[in-house]
Amino acid sequence: MSERIQAVLDLLRPDLQSFAGYSSARSSAVQGSVWLNANESAWPNPADAKGSSRRYPDPQPPALLRALADVYGVQPAQLLVGRGSDEAIDLLVRAFCRPGTDPVLVTPPVFGMYAVCARLQGAPLLEIPLLDAPAGLQVDIDAVIDLARDQRARLVFLCSPSNPAGSEIATADIVRTAQALQGQAIVVVDEAYIEYSSQASATALLAAHPNIAVLRTLSKAHALAAARIGTLIAAPELIAVLRRCQAPYPVPQPCAELAVAALQPAVLAKTRDRIAGVVSERERLFHALQAAPGVRRVYRSAGNYLLVRFDDAQAAFDALLAADIVVRDQRAAPQLGDALRISIGSPEENQRVLAALSARRAAA
Ligand SMILES: Cc1ncc(COP(=O)(O)O)c(C=O)c1O
C-alpha cells in the first residue's frame, strides 16, 4: 500500500483501526443450495409476488456497483453504496472523528446534514461562512485551509454545486485544499447536484489525491429519492475500511433492482434529456424571477434550484403558499434572512411560481 493511502487510513479513529465490524450471514464466503444460515423464512411473503425480498440482500449488490461504477467512470471497488448520501456523510463522521476531539469543517449556508452528523457524534464543528461576492456565494478556500490546519479538522465538507447557494467550487481549489490537508484531513466533495452542472466531477482527482472522497446520489437528477441510493467514491482501501463500519444490509433489494434498471443506457438517455430540460428551465426562471416584483437578487445556480432574496420573504412565501406552492424557507440560515430556495419544477409548475409572485404586483 502506498504511503499516501496509509496516511489517509491513519486518519481513522484509533479505536477503529483494527475493528472488523459485524460479520453477516451474507458476508461470509460459503456456497450451498440450501440456505439455512440467516434465520430467513423458507417461503416468500404472499404479498411479495416475485419472492425477491425473502432473503437478506447482498450488502453491496454487485450489479448495482457495476452500473454505478460505469455511470461515475470509476471502479466498483471505489464505491460504497448506502441509504442515500446522508448515510455516507454519517459514516464518514463516525469513522473519522473522535467525539470532542476531531473537528468537522463546513461552509454555511450549506446542506445541514454535515453539522447534524457532527453534532450527533460530538465532533467539534468549524465554520467558514460563504462569501457573498458579485459572482455568488463562494467558498473562501484560503480561510478553509487556514482554519482546518489551525484546528486540525479531520473532515472538510465542500458542497459543489452548493445547496442552497447554487455556486460551484473550481477544481483547482479542491486540489489546493486536498494538497494542503494531506495527511491531516479528508476533503469530502458533495456532488449531489453535479448532473445539473457543466463542471467535471472531482472523481477525476481521486488517483492523484487519495484524501479526497466524493458523494453522489440517485435522489436528484435520477429522480429516485425514495429508493435511498447514495454513493461514496474514494480509494478502495478507504472504502474497505468504511464498509466494516456500515450497517449489515444497507441496500434494500427492491431499491437495488430499481436503481439498476434506472442506470440502463436507454433510461439514462431519458434522464439526460430531463436534466437538459431542467437546466433550460433554470435559466429561464433565473431571468424571469429577476423581473418579478419584490425580488432583490437571484443567485446563479448550477443545481436544480434557485436561491432568491426578497424585499419581504414572508410575503413571497405566503403568496406562493396561497397558490398551493411550497418552497424552502431559508431565513433561519446564516446570511439568508431574506431568502427562499425554489426547486425547478415542471415548466407548468415554474409558470405558476412566476404567476403567484407577479400577482403580488397586481394586488399591491
Ligand atoms: C448537498 C446535498 N447532499 C446530500 C443530500 C442527501 O441526499 P440523499 O438523498 O442521497 O441522502 C442532499 C439532499 O438534499 C443535498 O442537498
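Numbering of residues begins at 1 and proceeds along the displayed sequence. Numbering of ligands and ligand atoms starts at 1, following listing order.
- For ligand 1, the protein residues within 4.0 angstrom (heavy atoms only) are Gly84, Ser85, Asp86, Phe111, Cys159, Asn163, Asp190, Ala192, Tyr193, Thr217, Ser219, Lys220, Arg228.
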I'd like a table of donor-acceptor pairs (distance under 3.5 Å, sequence neighbours excluded) in which one partner is a side-chain atom from residues 117-127, with atom names and distances.
unit_1, atom_1, unit_2, atom_2, d
Gln121, NE2, Cys97, O, 2.9

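- By the side-chain contact (heavy atoms from CB on, under 4.5 Å) test, Pro252 pairs with Pro254, Cys255, sequence neighbours left out.
- Contacts classified as salt bridge (charged side-chain N to carboxylate O under 4.0 Å, His left out) and involving residues 310-321 (residues at least two apart or in different chains) are given here: Arg296-Asp311.
- Proximity of a side-chain donor or acceptor of Arg282 to a complementary backbone N or O of Leu306 within less than 3.5 Å is not detected.
- The pair Asp173-Arg176 meets the salt-bridge criterion, with a side-chain N (NZ, NE, NH1 or NH2) lying under 4.0 Å from an Asp/Glu carboxylate O.
- Using bins of under 30°, 30° to 60° and over 60° for the plane-to-plane angle, the ring pair Tyr193/Tyr305 lands in the perpendicular bin.
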